[in-house]
Amino acid sequence: MDEPPQVPRLVGSVIDDIGMGPYQVKEVVLSGCVVLAEGAELLLVSSVTRAVAEDWGLNATQKGTIVSVVFMGVLIGNLISGPCSDRIGRRWPIIISVAAVGIFSILSAFTIGFWTLAIVRGVVGLAFGFGVPVCKAYCLEVAPTSWRSFSCVLLNLFYSAG
């Protein structure tokens with residue numbers, strides 16, 4: 001007698017059966033580091049802008065613009081990260097985000113004026129906006145259902161620590 005065909009299991013049910021383990025903890029912590037860096041960046045942007053404004057003699061509008069372009073970059077990054085990570089997966093957007101944040105944050109130290117700083121800081125914001133939503137989605141995808149709320153809270157704690 002023929003056996004009925006097996007119904008393929010969904011990835012989520014397999015993760016639920018396996019439970020929370022070292023892999024999920026590692027992924028939450030590594031993703032948390034990206035979120036922590038974003039929190040630190042957003043905390044420091046006004047202090048750095050103030051220090052640069054004194055050296056370069058920037059007016060209030062220019063100071064506000066430098067801070068605002070970071071948030072505009074975050075907005076644009078958020079808008080493109082979802083469709084991009086759905087198309088190519090979660091790994092490469094996270095890697096690209098971390099690399100871009102590192103490179104353009106270092107380049108910020110070598111800017112020579114208002115426009116170069118505004119552009120570079122906008123790219124840093126874009127990189128954060130591109131990577132952080134993907135990190136959060138990824139952590140929720142690899143966590144068992146019963147651990148998803150805790151994973152989300154943990155990521156938000158990383159942001160607060162930054």
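Quick note: numbers below take in every heavy atom, side chains included, and nothing from hydrogens, waters or symmetry partners.
Inter-residue side-chain proximity for Ser146 and Asp16 is flagged as unmet; no heavy-atom pair is nearer than 4.5 Å. Val34 places a side-chain heavy atom less than 4.5 Å from the side chain of Val98. Between Ile18 and Pro144 there is no side-chain heavy-atom pair separated by less than 4.5 Å. Between Ser85 and Tyr138, every side-chain heavy-atom pair lies at or beyond the 4.5 Å cut-off.
Put simply, Val67 and Val52 are part of two different groups of oily side chains (I, L, V, M, F, W, Y) that touch within less than 4.5 Å, one to the next. In this structure, Ile80 is not a member of the same hydrophobic cluster as Val134, with clusters built from ILVMFWY side-chain heavy atoms closer than 4.5 Å. Under the 4.5 Å side-chain heavy-atom criterion for ILVMFWY residues, no single connected hydrophobic cluster contains both Leu140 and Leu155. Cluster annotation: Phe150 is connected to Leu36 through the hydrophobic network of ILVMFWY side chains, with a link wherever side-chain heavy atoms come within less than 4.5 Å. Under a hydrophobic clustering in which Ile, Leu, Val, Met, Phe, Trp and Tyr are joined whenever their side-chain heavy atoms come within less than 4.5 Å, directly or via other members, Phe128 and Val123 fall into the same cluster.
Residues Val28 and Ser151 approach most closely at CG2-OG, 3.9 Å, considering heavy atoms. Between Gly162 and Leu43, the shortest heavy-atom contact is O-CD2, 3.8 Å. Minimum heavy-atom separation, Glu38 to Tyr159: OE1-CE1, 3.7 Å. Residues Leu58 and Lys63 share a closest heavy-atom pair of CB-CG, 4.2 Å. Taking all atoms of both residues into account, the shortest heavy-atom contact from Ser31 to Cys135 is CB-CB, 3.8 Å. Considering every non-hydrogen atom in both Arg121 and Ser105, the closest pair reads NH1-CA, 4.0 Å.
Taking CZ of Phe104 as the reference point, atom CG of Leu126 lies at 9.0 Å (rounded to 0.5 Å). The distance from atom OG of Ser46 to atom CD1 of Ile66, rounded to the nearest 0.5 Å, is 12.0 Å. Rounding to the nearest 0.5 Å places CE of Met20 at 11.0 Å from CD1 of Ile15. The structure places CD1 of Ile94 at 8.0 Å from OG of Ser97, a figure rounded to the nearest 0.5 Å. Separation of atoms CZ (Phe114) and CD1 (Ile119) is listed at 9.5 Å; rounding is to 0.5 Å. With rounding to the nearest 0.5 angstrom, the CD1 atom of Ile112 is 13.0 Å from the CZ atom of Phe110.
Within a 6.0 Å radius of CZ in Arg148, more than 12 heavy atoms belonging to other residues, nucleotides or ligands are found. A 6.0 Å sphere centred on CH2 of Trp115 holds no more than 12 heavy atoms belonging to other residues, nucleotides or ligands. Counting non-hydrogen atoms of other residues, nucleotides and ligands closer than 6.0 Å to CE of Met72 gives a total of 12 or fewer.
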Let's go through Val70 and Val124 carefully: what are the C-alpha distance in whole Å and the side-chain angles of both, what is the deciding distance for side chain to side chain contact (heavy atoms under 4.5 Å, CB included) to 0.1 Å, and is it a yes or a no?
CA-CA 7 Å; Val70 173; Val124 170; 5.8 Å; no
Given side chain to side chain contact (heavy atoms under 4.5 Å, CB included), test Trp147 with Gln24 step by step and report yes or no.
CA-CA 10 Å; Trp147 284 86; Gln24 287 89 351; over 6 Å; no
